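All chains are named by letter (A, B, ...) in the order of the sequence lines, taking the proteins before the strands, and each is independently numbered beginning at 1. These figures come from a predicted structure and were not determined experimentally.
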2 protein chains.
Amino acid sequence: MGLTKTQEFTSQQNDLANLAKALGHPARIAILQFLATSQACVCGDIVDELPLSQSTVSQHLKELKKVGLIKGSIEGPSVCYCIDNEAWQNAQSKMAALFEMYKDPSCC
Amino acid sequence: MGLTKTQEFTSQQNDLANLAKALGHPARIAILQFLATSQACVCGDIVDELPLSQSTVSQHLKELKKVGLIKGSIEGPSVCYCIDNEAWQNAQSKMAALFEMYKDPSCC
DNA sequence: TACCTTAATCGTAAGATTACGATTTAAGTT
DNA sequence: AACTTAAATCGTAATCTTACGATTAAGGTA
C-alpha cells in the first residue's frame with residue numbers, strides 16, 4: 001500500500017505526525033538549527049552549509065515550508081529564509097504537550 | 001537514490017531526526033498517547049484501539065521500540081507495553097532543546 | 001498431545017522519500 | 001537584448017514506508 005490511513009486518526013494526531021515527519025531528516029534539522037541560531041534572515045546560503053545539492057536542499061526547504069515552520073521572502077535575485085515565529089511556538093507547545101502526557105512511571 | 005546521507009550529519013542531528021521520524025506517523029502518536037495516559041502497562045490491546053491490522057500495529061510498535069521510546073515485556077501469552085521513562089525524558093529534552101534554539105524574531 | 005490465543009515475522013504491493021543532474025523561471029546586470 | 005545569478009521544478013533511479021493477509025513462534029489450556 002504505502003499510504004497512511006490519515007482519515008482514521010484525529011486531526012491533532014495527524015498534525016503532530018506531520019510536524020514530526022518534517023523534522024524527521026537530519027538535513028532539515030540542520031536547516032532549522034542554522035536558521036534558529038542566525039540572528040537575521042538567511043539569504044539562501046543554506047546550500048553552502050549543507051552537504052547536499054542545490055535541488056535537494058530546495059526540496060527539504062519545501063518540506064519545511066509545507067508545515068509552515070519556515071517562510072521565504074523574495075529579496076532581489078535571492079530568497080531570504082527565516083523561521084515562522086508563530087508556527088514555531090505552536091509546534092513547540094504541541095510537541096511539549098505530547099511529552100507532558102506521560103509523567104512518572106506507574107509501573108515497569 | 002532514496003537513502004539518507006546520514007554520515008554527512010552530526011550524530012545529534014541524526015538522533016533527533018530518528019526520534020522525529022518515529023513520531024512521524026499518526027498511528028505511532030496514537031500508540032504513545034494511549035500508553036502515556038494509561039496508568040499501568042498495557043497488555044497488547046493496542047490493536048483493538050487502532051484502526052489498523054494486527055501486523056501493521058506490530059510494525060509500528062517495532063519502530064517505537066527501535067528508538068527506545070517504548071519497551072515490551074512478555075507477560076504469559078501476551079506482551080505488556082509501556083513507555084521507557086529514561087528514553088522519554090531524554091527525547092523530551094532533546095526536542096525541547098531544538099525549539100529553544102530559536103527565541104524572539106530578530107527580523108521578518 | 002492437540003488446541004487456542006497472542007504477537008512477531010514473512011511476503012508482497014502500492015506509494016512516498018531522498019537524491020541528483022538538467023532544465024526552467026525570475027530578477028538583476030552589462 | 002544578452003548574460004549572470006539564485007532558486008524552483010522536472011525527470012528519474014534507488015530505497016524506504018505503509019499496509020495487509022498468511023504464516024510462524026511462544027505460551028497456556030483442554
Hey, which of these two, Phe9(A) or Thr4(B), hits DNA chain D nearer its 5' end, going by closest nucleotide?
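Per heavy-atom nearest nucleotide, the more 5' residue is Thr4(B).
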Asn85(B): which residues meet the side-chain hydrogen bond (donor to acceptor under 3.5 Å, both in side chains) condition with it, sequence neighbours left out?
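In terms of side-chain hydrogen bond (donor to acceptor under 3.5 Å, both in side chains), with neighbours along the sequence ignored, Asn85(B) is linked to Gln89(B).
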Return yes when atom CD of Gln7(B) has more than 12 non-hydrogen atoms of other residues, nucleotides or ligands closer than 6.0 Å, and no otherwise.
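More than 12 within 6.0 Å, yes.
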May I ask you to check whether over 12 heavy atoms, not counting those of Glu8(B), lie within 6.0 Å of atom CD?
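Yes, CD of Glu8(B) has more than 12 neighbouring heavy atoms, counting only those of other groups under 6.0 Å.
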Could you list the donor-acceptor pairs under 3.5 angstrom formed by side chains in residues 45-52 of chain B, with sequence neighbours left out?
none

Indicate for each nucleotide in nucleotides 7-13 of chain C, in 5' to 3' sequence, whether protein heavy atoms under 4.0 Å reach the base (B), only the sugar-phosphate (S), or nothing (-).
BBB---B
Do any of residues 12-23 of chain A sit with a heavy atom less than 4.0 Å from DNA chain D, and if so which?
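Hits under 4.0 Å, by residue number: none.
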At under 4.0 Å, does any side-chain N or O of His60(B) touch on OP1 or OP2 of dT17(D)?
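For dT17(D), OP1/OP2 do not have a side-chain N/O of His60(B) under 4.0 Å.
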Checking all strands, does Ile74(B) fall into the base, sugar-phosphate, or nothing category for heavy-atom contacts under 4.0 angstrom?
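No contact.
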Would you kindly say whether the two SG atoms, from Cys80(B) and from Cys43(B), are closer than 2.5 Å?
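Yes; the two sulfurs sit under 2.5 Å apart.
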Set of ring-ring contact (aromatic ring centres under 6.0 Å, His included) partners for Phe99(A), sequence neighbours left out
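Phe99(A) satisfies ring-ring contact (aromatic ring centres under 6.0 Å, His included) with Trp88(B) once adjacent residues are dropped.
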Salt bridge (charged side-chain N to carboxylate O under 4.0 Å, His left out) contacts touching residues 9-20 of chain B (sequence neighbours left out):
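Every pair satisfying salt bridge (charged side-chain N to carboxylate O under 4.0 Å, His left out) with a residue in residues 9-20 of chain B: Asp15(B)-Lys94(B).
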Where Asn14(A) and Pro26(B) come nearest, the two heavy atoms and their spacing:
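Where Asn14(A) meets Pro26(B) most closely, the heavy atoms are OD1-CG, 3.3 Å.
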